Amino acid sequence: SYDSNYFSEGEAAYDRKAYTAAIENFEKYLHSETDVNSEKYRMAKYYISQSQFRLRSKDAYEELEEYIESYPYSPNKDQSLFSLGTINFEDQNFQKAINWFEQIDEKNLQSYDKTDYLFRKGYSYIKLKKYSKARPSFNELVGKETRYEKSATYYLGYCDYMLKNYPSALNKFRTIESDPEYHNIV
């Protein structure tokens, strides 16, 4: 049937990162699907919201909010919350980002998003001058081989410094002082 083909084509396009094509196919699927309570229908809505997020389209935010509202118990809820938090993080609206990030059960995030989530959450807390709330996120990234390892070490030291825990701050700064990126700051 056509509707099933649209769904499959949408998934294939999404997997290829062809998000505009994915949206078009999933929308065609939604128009032909009569069972709005089916799992496939929910997944099509999810794929559309995630495609719009990845394209950073102007409709992404509204689409993601609508998805969370319509499917509060969806297994994709945390991924959608992460996307909403990320949009606010990128817009430097750190309080709104935190409001979304705090609702996430991080064990439900895709592993490649978890490090971004931890960094963005910690950084947002720093921007809000909530250093003790920022520490756990950075602490989880320190010592792990991710693109945030050195940044997390710096920001963890920065939090310790702002919380007047100078020996701990100095200790963190010393581990990255030879790094050219942090040499002048530390």
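Nothing fancy with the numbering, it's 1 onward along the sequence. Hydrogens, waters and symmetry mates are skipped; everything else that's a heavy atom, side chains included, is used. What you see is a predicted model, and the numbers here were worked out from it, not measured in a lab.
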Minimum heavy-atom separation for I98 to K121, with atom names?
-> CD1-O, 3.6 Å
Scan Q79, K77, Q50, R42 and name whichever one has a side-chain hydrogen bond (donor to acceptor under 3.5 Å, both in side chains) with Y67.
-> R42
Looking only at heavy atoms, which two atoms of Y29 and Y41 are closest? And how far apart?
-> OH-N, 3.7 Å
Which of these, F119, Y125, Y131, sits in a side chain to side chain contact (heavy atoms under 4.5 Å, CB included) with Y155?
-> F119
Checking Y19, F26, F7 against Y14 for ring-ring contact (aromatic ring centres under 6.0 Å, His included), the one that qualifies is Y19
Would you confirm whether S168, through its side chain, and N165, through its main-chain N or O, come within 3.5 Å as a donor-acceptor pair?
-> no
Separation between NE2 (H183) and CD1 (I176), nearest 0.5 Å, reads 12.0 Å
Just wondering, more than 12 heavy atoms not from K144 lying within 6.0 Å of its NZ?
-> yes
Which residues satisfy the salt bridge (charged side-chain N to carboxylate O under 4.0 Å, His left out) test with K129, sequence neighbours excluded?
-> none
Qualifying salt bridge (Lys or Arg N to Asp or Glu O under 4.0 Å) pairs with a residue from residues 150-164, counting only residues at least two apart or across chains = R135-D160, K150-D179, D160-K172
With a 4.0 Å cut-off, would you call E33 and K40 a salt bridge?
-> no
With a 3.5 Å cut-off and no angle check, do the side chains of T115 and R147 form a donor-acceptor pair?
-> no
Taking the six-membered ring for Trp, are F101 and Y117 parallel (under 30°), tilted (30 to 60°) or perpendicular (over 60°)?
-> perpendicular
Within residues 54-65 or reaching into it, pairs that qualify as salt bridge (Lys or Arg N to Asp or Glu O under 4.0 Å) - sequence neighbours excluded | R56-E90
Heavy-atom neighbours of E39 CD exceed 12 at 6.0 Å | yes
